[in-house]
Structures are given as structure tokens and as C-alpha cells.
Amino acid sequence: MILVDTSVWIDSFHGGSCKDVMNILLANREACVNDVILAELLPSMNVRNENEVRELLLALPKLQMNVDWNNLVAMQTENIRHGLNKVGLPDLMIAQNALQSNAKLFSIDRHFELMGALHSLQMFKPSEK
């Protein structure tokens with residue numbers, strides 16, 4: 001499974017560079033989400049009454065989350081030691097979830113790529129499809 005970050009969903013919804021890759025991932029049933037990603041996406045959809053897209057997102061496979069707070073502190077400590085000072089808690093939780101689930105993470109946020117080297121986070125590259 002490929003955990004698709006909020007940044008990729010938003011890019012795809014706006015017809016950006018990730019749209020074609022996302023269409024392939026969705027057609028092949030490889031894309032998944034988690035509660036943090038849904039919490040970032042769904043409020044805006046609710047306000048805009050984008051019910052069809054909302055239902056499609058909710059129908060995707062969802063990785064179960066097991067937040068390990070001590071691990072998050074350790075990850076953020078390592079990030080800060082290496083100059084990654086602005087990684088927020090939601091993104092730490094998304095990275096931790098991908099690691100725990102042995103899923104690749106698809107994101108266009110550069111800090112995930114930088115964290116990948118520090119934490120053995122497997123990043124999905126669009127050229128893989």
C-alpha cells in the first residue's frame with residue numbers, strides 16, 4: 001500500500017502534477033489514507049458539500065494508527081538535530097504511521113523526503129509507476 005499524503009491529494013484535486021499518478025494508484029487500488037490525512041482533508045470537503053469526493057476518500061483502505069508518543073519525541077529530536085525544525089505533529093504522525101505499517105509514503109512536501117533519510121521512511125516516487 002501507498003499512504004498518500006494530504007499534499008498529493010490537494011495537488012490532484014487541483015489538476016496538478018500528481019493527478020495522473022493518483023489515477024493509476026486509485027485504479028490499481030494501491031492508495032490508502034489514515035485518520036490524520038482524513039482529518040486534514042474532510043473539513044474543507046464538508047464545508048463545500050463535496051460529498052462524492054468525501055465518500056470516495058472514506059471508502060479507501062485506511063491504515064490503523066498506533067501513536068507512540070515517545071517515538072514521536074525521538075523522531076522530532078532527531079529532526080531538530082539535523083536542521084528539520086518545522087515538522088509539525090500531524091506530519092510526524094503520518095511518517096510514524098507509514099513506518100509502522102511498512103507502507104511507502106507519497107508526498108510532495110520536501111521535509112518528508114528529508115525525514116526519509118533520518119528515519120528509514122520509504123518514499124514513493126512517481127517514476128515507479
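Predicted, not measured: the structure shown is a model, and the values here were computed from it.
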Margin query: Is the shortest side-chain heavy-atom distance between Leu3 and Ser101 below 4.5 Å?
Written below: no
Check: Mind checking whether Met45 and Phe13 have side chains closer than 4.5 Å, heavy atoms only?
Finding: yes
Check: Okay, side chain of Asn34, backbone of Ile37: is any donor-acceptor separation there less than 3.5 Å?
Finding: yes
Note to self: Hydrophobic cluster membership, with links at side-chain heavy-atom distances under 4.5 Å among I/L/V/M/F/W/Y: are Val53 and Phe106 in one?
What the structure shows: yes
Checklist line | Residue Glu52 excluded, over 12 heavy atoms near CD under 6.0 Å | finding: no
Checklist line | Atom pair CD1 (Ile10) and CD (Glu40), whose distance is rounded to the nearest 0.5 Å | finding: 7.5 Å
Item checked: Pairs touching residues 63-73 that satisfy side-chain hydrogen bond (donor to acceptor under 3.5 Å, both in side chains), sequence neighbours left out -> Asn71-Gln96
Notebook entry, point to check: Looking at side-chain heavy atoms only, is the closest gap between Ile94 and Asp91 below 4.5 Å?
Noted result: yes
Checklist line | Check: Leu89 and Gln76 side chains under 4.5 Å, non-hydrogen atoms | finding: no
Item checked: Close side-chain approach of Asn102 to Gln122, heavy-atom, < 4.5 Å -> yes
Checklist line | side-chain hydrogen bond (donor to acceptor under 3.5 Å, both in side chains) contacts in which one or both residues fall within residues 8-17, not counting sequence neighbours | finding: none
Next item on the list: Please tell me if the side chains of Val4 and Val33 come closer than 4.5 Å, counting only heavy atoms from C-beta onward.
Entry: no
Check: Is there a side-chain contact between Met65 and Leu63 (heavy atoms, below 4.5 Å)?
Finding: no
Checklist line | Heavy-atom donor-acceptor pair, Asp109 side chain to His111 backbone, under 3.5 Å | finding: no
Next item on the list: Taking the side chain as every heavy atom from C-beta outward, state whether Leu114 and Leu118 have any atom pair closer than 4.5 Å.
Entry: no
